[in-house]
Amino acid sequence: MSVIMHTVHVDLAERSYPVYIGRDLLAEPQLLLQHLRGREVAIVSNTTVAPLYMPRLRAALGEGRRVTEIILPDGEQHKTLATLEHILECLLADRHSRSTTLIALGGGVVGDVAGFAAACYQRGVDFIQVPTTLLAQVDSSVGGKTAVNHVLGKNMIGAFHQPQAVLIDTNSLHTLPARELSAGLAEVIKYGLICDADFYLWLQQVMPRLIGRDDSALAEAIERSCALKAAVVAADEREGGLRAILNLGHTFGHAIETAQGYGSWLHGEAVAVGMLLAVHLSAARGWVDPCEIDVLSSLLRQAQLPLDIPAGMSPKLFLDLMGRDKKVVDGRLRLVLLRSIGEACLVDDVSASELEGLLQGAVARVKSAG
Ligand code: NAD
Ligand code: GLY
C-alpha cells in the first residue's frame, strides 16, 4: 500500500472495528471492500459533500455492485425523523436486503442519521463511516452513537449501532470551511484536557500547523483523538459512567447553542467556551492551577475559537437552560470538571452559588472585552 496510514482499533469484542486514518484513503479500494458483506450498498451523503467526494467513493467501490445514492439536503435542521424515513423509504424502494451496507459520506449530521437508519433497517444492517469534517473524524464517527433531533430535544431519538469500519481520508479537510475546522479542533483539545496531558502539551506546540492544515499534524491529531475516544468507548460503550467525560464543556455549550438558536454558534465553538468555563470552575475548586486558564485561552485563540459567552447572555438564562440539559439526573446537574490537566471527573455537587459566581465572572469578562 502506497499511502501513509494509521489504524486505531475500537475494542468492543464482537463489535470491534478499525478506524483507518490517512491521506488519499479513498483511493485504496481494498480498505472499503474488505468490509462489504454483499453486493448491495447505499451511500448516504448531502448536497455539499456528494459533488466533492461521491465520485471517488464510487470509484473505490468498483464495478459489479448495486449502489443506491441517497443525497440529503445540507444542515442540522434535516437531522430529523422525516429524513430517517426518507432514507428507509429509498432502501425499501430499491429493495435492499439485510446484507446491504450503508455508507455515510459526510459530517456528523449525515453520520448520525445514516447510522440510525442502519440501526433500524430490517432491525440492523452493516454500516461504514466515511467522515469528512474534523469533528466527525475525531468524535461522531467513532463510538456508535446515532440519533436524530426532535423539536423537544437534540439527539433525543437514536440507537447505539457500531460501524463495521471508519475510513478517514484526511484529504477531505482541505475543502472544509475554516470555521468548521476550528469547531473540530475544540473536540481535539477536549481529549487532551480530559485524558492526556502530553497530548495537550503537543497541541500547544502544533496548533499553528493544525490551523494551517498540515497533513501530517492533522493525521497525528486525528489518530491520537480517535485512540483516546476508542479507549473511553471500550471501557463504557453505553455511557454508564466514564463515557460522560467526553461531554467536557458540553452542558455550558448546549446552553449557549440553545440561547443563540442552532446554527448561529457551531457546536465546537460553544464547547470551546464551555471548556474554558469548566477550567475556571476547576481552578476555583483548587484542582487545577489558575494559570491553566491562560494556557487554554491562548490555545483556543490560536485555534480561532471564541473564549467568551455571547454578549447579553445572563447567568439566569444560563442556569435555566442548563437545568433542562440531558445531564440533569434526578434533579441534580452533573458536570465534567478537571481534577488536573488530563484527568476529568464527574461531579454532581456544584452549588447554585458556585455556578452563579462563575457565570457572573464570565459576564464581567464579556463587558470588559467589549
Ligand atoms: P455537519 O455534518 O453539519 O457538517 C458541517 C458542514 O460542513 C456541513 O455544511 C457539511 O455539508 C460540510 N462539509 C462536510 N464535510 C465537508 C468537506 N470535506 N468539505 C466541505 N464541506 C464539508 O456538522 P459536524 O460538525 O460534522 O457534525 C455535527 C453533528 O454531529 C451534530 O448533529 C452533532 O449532534 C453530531 N455529533 C454526534 C456525535 C456522536 O457521537 N454521534 C458526537 C459529536 C457530534
Ligand atoms: N460525543 C460524545 C460521545 O460519543 O459519547
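Here the structure is a predicted model, which is why all the values come from computation and not from measurement. For this chain, numbers begin at 1 and follow the sequence in order. Read the numbers this way: they start at 1 and go in the same order the structure lists the ligands and their atoms.
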How far is atom 1 (N) of ligand 2 from its nearest protein heavy atom, and which residue and atom name does that atom have?
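Closest protein heavy atom to atom 1 (N) of ligand 2: Asp139 OD1, 3.0 Å.
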How far is atom 4 (O) of ligand 2 from its nearest protein heavy atom, and which residue and atom name does that atom have?
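In this structure, atom 4 (O) of ligand 2 has Lys229 NZ, 2.5 Å as its nearest protein heavy atom.
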May I ask whether Val206 and Ile189 are part of the same hydrophobic cluster, defined by side-chain heavy atoms of I, L, V, M, F, W, Y residues being less than 4.5 angstrom apart, directly or through others?
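Yes, Val206 connects to Ile189 through the hydrophobic network.
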Can a salt bridge be assigned to the pair Asp198 and Arg224 using a cut-off of 4.0 Å between side-chain N and carboxylate O?
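Result for this pair is no, no salt bridge flagged.
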Which pairs of N or O atoms, one from ligand 1 and one from the protein, are separated by less than 3.5 Å, and what is the distance for each pair?
| from | atom 1 | to | atom 2 | distance (Å) |
| --- | --- | --- | --- | --- |
| ligand 1 | 2 (O) | Gly108 | N | 3.1 |
| ligand 1 | 2 (O) | Val109 | N | 3.0 |
| ligand 1 | 9 (O) | Asp74 | OD1 | 3.1 |
| ligand 1 | 9 (O) | Asp74 | OD2 | 2.7 |
| ligand 1 | 11 (O) | Asn46 | ND2 | 3.0 |
| ligand 1 | 11 (O) | Asp74 | OD1 | 3.1 |
| ligand 1 | 11 (O) | Asp74 | OD2 | 2.8 |
| ligand 1 | 15 (N) | Thr132 | O | 3.4 |
| ligand 1 | 15 (N) | Thr132 | OG1 | 2.7 |
| ligand 1 | 18 (N) | Thr132 | O | 3.0 |
| ligand 1 | 18 (N) | Ser172 | O | 2.9 |
| ligand 1 | 18 (N) | Thr175 | OG1 | 3.3 |
| ligand 1 | 19 (N) | Thr175 | O | 3.3 |
| ligand 1 | 19 (N) | Thr175 | OG1 | 2.7 |
| ligand 1 | 26 (O) | Gly108 | N | 2.8 |
| ligand 1 | 26 (O) | Thr133 | OG1 | 2.6 |
| ligand 1 | 27 (O) | Gly108 | N | 3.2 |
| ligand 1 | 32 (O) | Glu76 | OE1 | 2.7 |
| ligand 1 | 32 (O) | Glu76 | OE2 | 3.0 |
| ligand 1 | 32 (O) | Lys79 | NZ | 2.8 |
| ligand 1 | 34 (O) | Lys79 | NZ | 3.1 |
| ligand 1 | 34 (O) | Lys154 | NZ | 2.8 |
| ligand 1 | 34 (O) | Asn155 | ND2 | 3.1 |
| ligand 1 | 41 (N) | Asp112 | OD1 | 2.9 |
| ligand 1 | 41 (N) | Lys145 | O | 2.9 |

Partner set under salt bridge (charged side-chain N to carboxylate O under 4.0 Å, His left out) for Asp236, not counting sequence neighbours:
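Result, salt bridge (charged side-chain N to carboxylate O under 4.0 Å, His left out) vs Asp236: none returned.
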Decide yes or no for [X] and [Y]: does some side-chain heavy atom of the first lie under 4.5 Å from some side-chain heavy atom of the second?
| X | Y | result |
| --- | --- | --- |
| Glu187 | Lys229 | no |
| Arg37 | Gln164 | no |
| Leu321 | Met313 | yes |

Determine the interplanar angle of the Phe199 and Trp202 rings, folded into 0 to 90°, and report it as parallel if under 30°, tilted if 30 to 60°, perpendicular if over 60°.
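Correct class here is parallel.
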Name the orientation class of the two ring planes belonging to Tyr20 and His35 (parallel below 30°, tilted from 30 to 60°, perpendicular beyond 60°).
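It falls in the tilted class, 30° to 60°.
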Option whose closest heavy atom lies nearest to atom 3 (C) of ligand 2, chosen from Glu187, Glu239, Arg243:
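Among Glu187, Glu239, Arg243, the closest heavy atom to atom 3 (C) of ligand 2 belongs to Arg243.
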Can you tell me which portion of Val233 lies within the under-4.0 Å heavy-atom range of ligand 2? Options are side chain, backbone, both, or neither.
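Within the 4.0 Å criterion, Val233 makes no contact with ligand 2.
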Got an N/O contact under 3.5 Å between Lys190 and ligand 2?
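Lys190 vs ligand 2: no N/O contact under 3.5 Å.
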Considering distance alone, does some N or O of Lys145 sit under 3.5 Å from an N or O of ligand 2?
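So ligand 2 has an N or O lying under 3.5 Å from an N or O of Lys145.
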Closest non-hydrogen atom pair, Pro131 against Ser141
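Scanning both residues, the minimum pair turns out to be CG-OG, 3.5 Å.
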